[in-house]
Amino acid sequence: MGWTHYWNYPDELDVPTFARAVSDSRRVLEASLVALAGADGTGRPTLTHEAIIFNSVASSGGEPFVFLRRNPGHPLRRRPWQFCKTEHLPYDRCVMAVLVVLQHHFGSRVTVASDGRETDWRPATELCRTVLGYDSGFTLAPRG
């Protein structure tokens with residue numbers, strides 16, 4: 001079984017708040033010092049007013065993290081949860097940190113679950129606290 005993080009959110013999130021979340025995500029990803037790529041493991045991550053998309057570099061073989069501001073037609077939205085199997089690769093902490101950022105900005109509208117426990121999220125919440133000054137209030141939803 002892989003190491004996976006899951007999230008759920010409404011079909012559309014507001015533009016100003018998403019823009020702030022993207023800005024904070026960019027800061028956290030840069031501070032992580034982890035080599036990141038675009039969805040296919042090459043190029044650069046996508047951090048725009050419509051999407052946060054990144055992956056581990058191609059040689060690491062991770063799944064892309066894809067979080068779209070507006071997502072009603074995306075095939076993954078047909079499932080109750082979206083997910084990213086990170087397999088404990090170095091970008092795992094980046095995926096978790098971005099989910100902390102998104103939950104910080106959107107509160108209960110972004111629900112996060114994980115194969116890990118809250119204690120497994122400490123490196124990500126610590127990164128957010130160090131870089132952004134916040135982490136309190138992050139919670140994992142029970143899976144199942």
Hey, what do you get for SG (C84) to OH (Y6), rounding to the nearest 0.5 Å? 10.5 Å
Going by the side chain to side chain contact (heavy atoms under 4.5 Å, CB included) test, name the single residue among V34, V101, V98 that passes it with L29. V98
Between atom CG of L68 and atom CG of D11, what is the distance when rounded to the nearest 0.5 Å? 11.5 Å
Applying side-chain hydrogen bond (donor to acceptor under 3.5 Å, both in side chains) to E118 and not counting sequence neighbours gives none
Answer whether the closest heavy-atom distance between the side chains of W3 and D92 falls below 4.5 Å. yes
Please confirm whether the backbone N or O of A21 pairs with a side-chain atom of S25, one donor and one acceptor, at under 3.5 Å? yes
Side-chain heavy atoms of V57 within contact of Y91, under 4.5 Å: no
Please determine whether residues V100 and V28 belong to a single hydrophobic cluster, defined as Ile, Leu, Val, Met, Phe, Trp and Tyr linked transitively by side-chain heavy-atom distances below 4.5 Å. no
Quick one: does I52's side chain get under 4.5 Å of L102's, heavy atoms only? yes
Within the distance-only criterion (no hydrogens, no angle test), does the side chain of R26 pair as donor or acceptor with the backbone N or O of L47 below 3.5 angstrom? yes
Could you check if a side-chain atom of T86 sits within less than 4.5 angstrom of a side-chain atom of T4, using non-hydrogen atoms only? no
Minimum heavy-atom distance N55-G38, with the two atoms named: CB-O, 3.1 Å
If you define the side chain from C-beta out and look only at heavy atoms, does anything of E126 sit under 4.5 Å from W121? no
Residue pair D24 / H104, side-chain donor-acceptor N/O under 3.5 Å: no
Once side-chain contact (heavy atoms from CB on, under 4.5 Å) is applied, do any residues pair with A141, and if so which ones, sequence neighbours excluded? W81, T111
Listed by chain and number, what are the side-chain hydrogen bond (donor to acceptor under 3.5 Å, both in side chains) partners of D14, not counting sequence neighbours? T17
State the CG-CG distance between L140 and D120, to the nearest 0.5 angstrom. 9.0 Å
Ignoring hydrogens, what is the shortest heavy-atom contact between V66 and Q82? Give both atom names and the distance. O-OE1, 3.7 Å
Side-chain heavy atoms of V22 within contact of T48, under 4.5 Å: no
Once salt bridge (charged side-chain N to carboxylate O under 4.0 Å, His left out) is applied, do any residues pair with R69, and if so which ones, sequence neighbours excluded? E12, E50
Nearest atoms (heavy-atom pairs only) where Q103 meets G137: OE1-O, 3.8 Å
Tell me whether I53 shares a hydrophobic cluster with V110, the cluster being built from Ile, Leu, Val, Met, Phe, Trp, Tyr side chains joined at under 4.5 Å. yes
Looking at every non-hydrogen atom in both residues, tell me the closest pair between S32 and R93 and how far apart they are. O-NH2, 3.2 Å
SG/C94 to CG/L36 distance, rounded to the nearest 0.5 angstrom? 4.5 Å
Can you list everything that forms a side-chain contact (heavy atoms from CB on, under 4.5 Å) with T119? Sequence neighbours excluded, please. R117, R122
For F18, give me all partners under ring-ring contact (aromatic ring centres under 6.0 Å, His included), at least two apart in sequence or on another chain. none
Any chance you could measure H105, atom NE2, to L13, atom CG, to the nearest 0.5 Å? 12.0 Å
Which pair of heavy atoms, one from L99 and one from H5, lies closest together, and at what distance? CD1-CB, 4.1 Å
Write down the atom of A124, the atom of A97, and the distance for their closest heavy-atom approach. CB-N, 3.6 Å
Ring centers of F65, W7 separated by less than 6.0 Å: yes
F67 and Y9 aromatic ring geometry - parallel, tilted or perpendicular at 30°/60° bounds: parallel
